[in-house]
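Only this structure's heavy atoms are used, side chains among them; waters, hydrogens and symmetry mates stay out.
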Amino acid sequence: MAAKLNVSESSESDSPNLSNLSACSRTGSRSLRVAEKERRKNGAEEPFVLALKYFSNVEAGTPVIGNDEFERNMVLVEQVAYFKGLSPEAISVMLEFAMSSRMGTNPCVRVLKCLIPTTMVPQEAVVRGVAWLGVGKIPISSQVLFIKWVLTIFDMIDAKDQLRAIYGFIFSFVTEESLCPFICHLLYLLTRKESVRVFRVRKLLDLQSKLGRQPFLSHLLSLYKVLCPELVTLSIPSRMRSGFRNHNSPWKSALIAVQKSNGSQTDSSTSLPLTIKEKTSLRKRKHKHLELPVLSSQVNKQPQTEPFTSRKVVPLAQLHSLSQLLENMHCIELPAQMGSLLGSSLALQYLDCVQDESALLRLNFWLGYALNEEFFFCGDGGGSQTSEEALQFLDKLLSSQQFLQEGFSSTEAFLYKFLSVWDGSLFRPQILSLLSNIPVVPNSQIGQLLFEPLMQLFFTSSLFFRCGLMECLNNMLLKWLTWHSVYALEDDLDISLNSHTSINMTLSGFKDSVMELIHFAGRLGSVGLQLEGCHSLLLSFILDFYETVCDTFLKYGLPLVVMPPPGVFYPALFAPDPVSVDRLVNIMYRYKVNLTSAKSKEKVTEQAFHISRQTFREFNHYIVVMVNCLWNSKMFQPDMGIQLGEELLLKSNIPEYWASFDLVHHPAFLSYAVDFHQRCWPGKKVLDLNSIKHSKPWTWYLEFLNSQGYDGLKQVVPAP
């Protein structure tokens with residue numbers, strides 16, 4: 001009995017040790033299982049890592065034919081690439097192997113076709129690949145395939161600074177006929193203003209003379225002309241077919257499959273546009289976002305019979321007149337759906353008077369969601385079934401903004417994103433009208449947000465779009481100047497740009513933004529007149545813009561005077577229609593009045609503004625040219641701005657060529673001069689237009705032109 005007791009006691013005393021041992025054994029077995037899983041996992045990944053090491057360390061001259069090790073590793077890389085894509089490190093290794101031709105040129109095409117990136121493509125790898133093009137080992141077909149691959153994954157390259165640094169090296173390949181279309185496309189994507197040089201323009205023009213007007217050369221030259229119009233004098237046709245084809249066909253399906261298989265693991269910012277396009281094309285629209293909701297209360301209430309003034313809260317939906325709105329201004333209940341405010345003039349008046357920040361926040365949230373959902377994320381642009389619905393929605397939005405005399409912040413944010421994907425034709429009048437309502441954009445952001453996408457659209461669109469864009473910029477400038485004159489504070493230092501926002505901008509910052517807008521419109525006008533052959537319709541819209549610019553000081557109180565560029569002044573001066581010439585003369589007269597007033601005010605007052613001497617020099621030069629041309633008959637004289645060789649002028653066989661553009665012989669006024677001559681000397685059989693230049697006939701001729709409606713000429717051109 002005692003022995004049993006001792007045994008039981010000993011077993012009880014040893015039980016903690018046994019439990020500890022069992023716990024240790026379980027822990028050890030768990031560690032062994034984890035280690036086994038890690039070993040198996042590493043073992044599964046090891047062949048791919050070994051394959052990359054093989055291609056990284058393979059020696060030059062290793063044969064391909066009959067090389068089982070190469071085939072096994074190549075198949076493994078292809079399987080990983082087509083299933084889940086290659087990492088940036090794998091892309092670098094395989095691209096270096098393909099372009100170095102260490103195993104000959106045969107594997108190059110096969111490797112390039114399986115370069116399917118998972119997320120990013122290292123810029124260094126692409127730069128090294130471009131550098132291998134200069135060695136001369138790779139066949140032209142493989143070089144073309146490599147450039148096509150770069151164009152396909154261009155948006156996935158992690159940076160572009162090093163590629164732009166070797167812009168000249170890439171440009172040297174344009175002389176290769178097979179590579180030229182693809183090199184031009186790559187240069188088009190990399191080009192900045194500092195990339196445009198005279199020798200490159202000459203090289204492209206030489207290629208165009210040899211190859212003809214190829215679309216890829218025309219598009220690159222057109223971009224050069226937009227960035228530096230003074231370096232490219234070639235007339236670019238206004239309508240060009242697409243210059244760059246879609247080169248992503250060998251990789252398109254594989255990229256889509258890889259991005260789908262990776263799912264959420266792939267960063268949306270690195271996804272190619274083709275993935276988004278395929279996704280949006282399959283999206284089913286609900287046809288509800290563009291329908292303005294009915295103005296109703298937030299909760300369902302029974303109709304009440306007591307007067308409005310006896311209630312504490314009055315639903316906005318139950319107000320039907322302005323007097324009721326004014327009586328209940330401070331006890332109004334907002335509707336359940338803020339989108340219904342756009343369909344009610346009383347609701348818009350409430351927003352304008354009360355300026356309720358919560359109401360504006362809710363309205364902007366709903367409006368931003370509707371605009372992005374229906375116009376930005378929808379690939380079909382709304383479809384034919386709902387185009388009328390979208391048109392009515394945009395018209396209602398425009399009427400609301402015109403009623404409030406300012407735009408909504410959600411509309412502004414939507415436009416900045418939409419411009420990058422807009423084709424320039426979808427709802428063009430409405431989009432341009434919305435664009436003209438945006439508030440002043442800071443100088444540091446105006447280029448990226450507005451000028452870059454608008455320049456691309458202006459450059460690739462039709463004449464009517466260009467005219468519409470110039471009208472849009474004119475309306476935008478008018479609204480900016482009006483905001484300045486209305487919201488400028490008494491100290492003339494700070495201005496509030498929008499009554500519904502807290503954005504403040506210094507006067508110097510506002511002037512910088514206005515000046516950038518005027519210079520941008522001047523560049524577009526100069527290039528547009530060259531593209532369209534100085535079309536009278538486009539010139540009319542450009543002169544509309546400068547009729548606003550010339551009065552910025554006197555009419556809007558902004559101490560800023562910006563002269564038109566030569567690309568606008570001279571086409572208007574030599575325009576074949578008299579209306580354009582008369583408007584130009586009147587614009588220059590308004591410039592004179594503004595500059596004279598600014599100069600006198602600068603001397604009398606001590607205000608901190610100054611019109612630069614360069615502006616006065618430009619104005620004086622234009623006036624001298626215009627008076628010598630229209631009145632003094634001294635065309636093509638020294639210091640006129642436009643000079644032609646005397647031998648060339650003599651070869652033209654034009655008698656008195658220096659008087660070809662005076663008010664008598666100018667193509668725009670020649671018919672009026674003939675009519676006036678016949679009225680003054682009806683018996684003369686010989687037409688002598690120079691007789692009009694005598695003292696009395698000249699005065700009568702100016703009065704005759706004034707009677708025809710050209711009253712701008714008498715402002716600058718005096719009688720002798």
Side-chain angles (χ1 to χ4, degrees), residues 405-407 412 435-447 449-451 470-499 501-525 541-565 568-569 583-584 586-620 622:
Q405 297 184 0
E406 57 188 349
E412 179 186 356
L435 192 63
S436 64
N437 287 325
I438 65 172
V440 182
V441 184
N443 184 38
S444 59
Q445 305 174 8
I446 193 171
L449 294 177
L450 283 180
F451 293 168
M470 292 305 303
E471 183 183 22
C472 169
L473 296 178
N474 186 27
N475 293 333
M476 186 186 300
L477 179 62
L478 278 171
K479 289 182 173 63
W480 289 11
L481 294 174
T482 303
W483 285 336
H484 163 73
S485 60
V486 171
Y487 294 113
L489 300 180
E490 293 181 357
D491 57 4
D492 204 23
L493 292 178
D494 294 331
I495 54 175
S496 177
L497 302 180
N498 194 324
S499 59
T501 64
S502 58
I503 300 177
N504 290 325
M505 183 181 293
T506 62
L507 180 60
S508 60
F510 177 78
K511 287 173 57 178
D512 290 340
S513 296
V514 172
M515 188 180 300
E516 286 295 325
L517 176 62
I518 296 174
H519 287 324
F520 174 69
R523 293 195 299 269
L524 291 186
F541 282 96
I542 295 173
L543 293 177
D544 286 341
F545 181 82
Y546 280 98
E547 283 177 349
T548 303
V549 175
C550 67
D551 267 331
T552 53
F553 179 72
L554 284 180
K555 194 172 182 179
Y556 301 99
L558 182 65
L560 178 68
V561 179
V562 182
M563 302 301 299
V568 172
F569 175 81
R583 293 180 67 186
L584 176 66
N586 187 61
I587 288 173
M588 297 309 298
Y589 171 73
R590 294 304 306 167
Y591 271 118
K592 175 188 175 183
V593 174
N594 278 259
L595 287 172
T596 304
S597 177
K599 192 68 176 178
S600 61
K601 189 174 182 180
E602 184 180 357
K603 293 180 179 179
V604 174
T605 63
E606 298 180 356
Q607 288 186 338
F609 75 89
H610 175 69
I611 305 298
S612 66
R613 292 184 178 180
Q614 180 63 27
T615 302
F616 285 99
R617 283 195 293 265
E618 291 178 0
F619 170 77
N620 291 332
Y622 284 157

Asker: Sequence neighbours left out, what passes side-chain contact (heavy atoms from CB on, under 4.5 Å) with Asn443? Give chain and number order.
Answerer: Ile446, Asp512, Ser513, Glu516
Asker: Could you measure the distance from the CG atom of Asp544 to the CZ atom of Arg583? Nearest 0.5 Å is fine.
Answerer: 4.5 Å
Asker: Between Thr615 and Ser612, do the side chains contain a donor N or O and an acceptor N or O under 3.5 Å apart?
Answerer: yes
Asker: For a quick test of reading the model, state the closest non-hydrogen atom pair linking Gly525 to Ile542 and the distance between them.
Answerer: CA-CD1, 3.5 Å
Asker: Should Leu595 and Phe553 be marked as a side chain to side chain contact (heavy atoms under 4.5 Å, CB included) after you check the CA-CA gap, both sets of side-chain angles, and the distance that decides it?
Answerer: CA-CA 8 Å; Leu595 287 172; Phe553 179 72; over 6 Å; no
Asker: May I ask you to test the Glu412-Pro439 pair for a side-chain heavy-atom distance under 4.5 Å?
Answerer: yes
Asker: Hey, mind stepping through Met515 and His519 against side chain to side chain contact (heavy atoms under 4.5 Å, CB included) and telling me if it holds?
Answerer: CA-CA 6 Å; Met515 188 180 300; His519 287 324; 3.4 Å; yes
Asker: Heavy-atom count check: over 12 atoms from other residues, nucleotides or ligands less than 6.0 Å from Gln445 CD?
Answerer: yes
Asker: Do you know which two heavy atoms are closest between Leu473 and Phe545, and how far apart they sit?
Answerer: O-CE1, 3.8 Å
Asker: Which value, rounded to the nearest 0.5 Å, describes the distance between Phe616 atom CZ and Thr596 atom OG1?
Answerer: 7.5 Å
Asker: Report yes if the side chains of Leu517 and Leu450 come closer than 4.5 Å at any heavy-atom pair, otherwise no.
Answerer: no
Asker: Going from OH on Tyr591 to CD on Glu618, what distance comes out if it is rounded to the nearest 0.5 angstrom?
Answerer: 9.5 Å
Asker: Are any non-hydrogen side-chain atoms of Asn437 and Glu406 less than 4.5 angstrom apart?
Answerer: no
Asker: Give me the atom names and distance for the closest heavy-atom approach of Leu560 to Lys511.
Answerer: CD2-O, 4.1 Å
Asker: With rounding to the nearest 0.5 angstrom, report the CG to OG1 distance, Leu543 to Thr548.
Answerer: 11.0 Å
Asker: How many angstroms lie between CD in Glu547 and CG in Asp551, if you round to the nearest 0.5 Å?
Answerer: 9.5 Å
Asker: Distance-only, no hydrogens or angles: does the Trp480 side chain make a donor-acceptor pair with backbone N or O of Val441 under 3.5 Å?
Answerer: no
Asker: Looking at every non-hydrogen atom in both residues, tell me the closest pair between Ser436 and Cys472 and how far apart they are.
Answerer: CB-O, 3.7 Å
Asker: Is there a donor-acceptor contact under 3.5 Å from the side chain of Ser597 to the main chain of Asn594?
Answerer: no
Asker: Can you name the one residue among Leu481, Leu477, Asn475 that meets side-chain contact (heavy atoms from CB on, under 4.5 Å) with Lys479?
Answerer: Asn475
Asker: Nearest 0.5 Å, please: how far is CE in Met563 from CD1 in Ile587?
Answerer: 10.0 Å
Asker: After noting the C-alpha distance and the side-chain angles of Phe541 and Asn474, does the key distance pass the side chain to side chain contact (heavy atoms under 4.5 Å, CB included) rule?
Answerer: CA-CA 9 Å; Phe541 282 96; Asn474 186 27; over 6 Å; no
Asker: Check ring pair (Phe, Tyr, Trp, His ring centres under 6.0 Å) between Phe619 and all other residues, then give those that pass, not counting sequence neighbours.
Answerer: none
Asker: Before you tell me yes or no, could you show the steps for His484 and Tyr556 under ring-ring contact (aromatic ring centres under 6.0 Å, His included), namely the whole-Å CA-CA distance, both residues' side-chain angles and the distance that decides it to 0.1 Å?
Answerer: CA-CA 7 Å; His484 163 73; Tyr556 301 99; 8.8 Å; no
